[in-house]
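Single-structure report; data block below.
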Amino acid sequence: MVLILHGWHLSTCTRRVKCVLYEKGVEFELKHVDLGAGEAKSEAFLQKQPFGQIPVLEDDGFYLFESRAITRYIAAKYADQGTNLLPDANDPKAVAIFEQAACIEQADFDPYASEIAVEKVFKPHKGVAPDEVVFKKLVDTLNSKLDGYEKILSKQKYLGGDQLTLVDLWHLPYGQIAERFAPEIYESHPKFNAWFQALKSRPSWIKANEQGGF
């Protein structure tokens, strides 16, 4: 049965999952969720996702939400096809470094990059003016966090070691928005910037954005 991805083509987290599906060469159907009409908050959708958020993956009656969890599931289920995006489960050090990288993305990157998106993209999309003071603080904080990324990426090719993993790809949706509004902090961190530009140029991410995106 073909996987069904319930989401929206412009959604950052939907495109995060699409990127991994393309990276793994997995066939899927994108089923549009009409956020404007309140579909995500409908009783039917809340049965799939109790918080009323997208995306949701449907696999033959099995439902899974949260984009990072979905991508882990895809990478594990389709381990034998496409790009290998998980560490060797029999190598505890590789797994530990992967999990460390996952924590870095969620603690030291996403909170700031995603809030930059809130201020500069999502608020204006709703007709609300961004808070420039908040935006500047977010950029300054992310800039300092990239100092740590620079140290890590000076020693290894990817955040989780010398192999591309899910963690690297997780950065793309909000990282691309942060770069749009604060390119100077990327350019001032050459190792980070080279890593991120290489990720952005992957065919899987380009394809995930064919229908557009924030």
Side-chain angles (χ1 to χ4, degrees), residues 1-75 77-78 81-83 85 105-106 109-111 113-128 130 164 166-181 183 196-214:
M1 182 177 178
V2 175
L3 297 181
I4 299 174
L5 181 62
H6 300 263
W8 182 37
H9 66 279
L10 296 180
S11 156
T12 49
C13 294
T14 299
R15 286 181 293 123
R16 177 182 283 141
V17 175
K18 286 176 66 179
C19 178
V20 171
L21 285 163
Y22 289 135
E23 197 75 44
K24 296 298 293 181
V26 177
E27 185 179 355
F28 71 98
E29 173 192 347
L30 178 62
K31 188 171 183 180
H32 177 68
V33 177
D34 192 340
L35 301 180
E39 184 181 350
K41 304 300 181 183
S42 68
E43 190 56 40
F45 193 82
L46 290 171
Q47 294 298 316
K48 304 180 183 74
Q49 216 288 11
F51 301 101
Q53 299 165 339
I54 57 172
V56 175
L57 184 74
E58 180 182 349
D59 184 8
D60 195 19
F62 170 66
Y63 293 91
L64 185 65
F65 55 91
E66 293 298 338
S67 61
R68 294 171 184 82
I70 293 170
T71 60
R72 283 177 182 260
Y73 174 74
I74 293 164
K77 180 173 181 177
Y78 300 97
Q81 70 182 67
T83 307
L85 297 171
E105 188 269 336
Q106 289 193 272
F109 186 85
D110 186 76
S114 63
E115 285 302 310
I116 287 171
V118 168
E119 292 299 328
K120 287 295 194 176
V121 177
F122 303 147
K123 279 187 176 181
H125 184 69
K126 296 177 180 179
V128 178
L164 175 75
L166 291 172
V167 173
D168 301 289
L169 300 177
W170 288 348
H171 289 75
L172 281 165
Y174 288 115
Q176 183 167 273
I177 294 174
E179 181 191 23
R180 189 190 318 162
F181 294 100
F196 192 76
Q197 298 310 316
L199 293 175
K200 272 176 46 179
S201 69
R202 294 189 71 82
S204 59
W205 180 242
I206 293 169
K207 192 170 183 180
N209 285 275
E210 282 181 345
Q211 293 179 289
F214 286 119

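- Not counting sequence neighbours, S114 has no partner by the side-chain hydrogen bond (donor to acceptor under 3.5 Å, both in side chains) test.
- Sequence neighbours left out, not one pair with a member in residues 25-35 passes salt bridge (charged side-chain N to carboxylate O under 4.0 Å, His left out).
- The ring pair (Phe, Tyr, Trp, His ring centres under 6.0 Å) test applied to F65 returns no partner, not counting sequence neighbours.
- With sequence neighbours left out, the salt bridge (Lys or Arg N to Asp or Glu O under 4.0 Å) criterion links K123 to E119.
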Next on the checklist: With side-chain contact (heavy atoms from CB on, under 4.5 Å) as the criterion, how do Q81 and V26 come out once you've worked through the C-alpha distance, each side chain's angles and the decisive distance to 0.1 Å?
Outcome noted: CA-CA 8 Å; Q81 70 182 67; V26 177; 3.7 Å; yes
Item to check | Step-by-step side-chain contact (heavy atoms from CB on, under 4.5 Å) determination, L21 to L5 | outcome: CA-CA 10 Å; L21 285 163; L5 181 62; 4.2 Å; yes
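- A tilted orientation is assigned to the rings of W8 and H125, their planes being inclined by 30° to 60°.
- Judged as a salt bridge (charged side-chain N to carboxylate O under 4.0 Å, His left out), not a single pair has a partner in residues 36-47 (not counting sequence neighbours).
- Listed by first and then second residue, the salt bridge (charged side-chain N to carboxylate O under 4.0 Å, His left out) pairs that reach into residues 48-70 are D59-K77, R68-E105, R68-D110, sequence neighbours excluded.
- Between T14 and P55, the closest heavy-atom pair is OG1-CB, 3.8 Å.
- Nearest heavy-atom pair, A208 versus C19, reported as atom, atom and distance to 0.1 Å: CB-N, 3.9 Å.
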Next on the checklist: Would Y78 and L3 count as a side-chain contact (heavy atoms from CB on, under 4.5 Å) here? Give the steps.
Outcome noted: CA-CA 12 Å; Y78 300 97; L3 297 181; 3.8 Å; yes
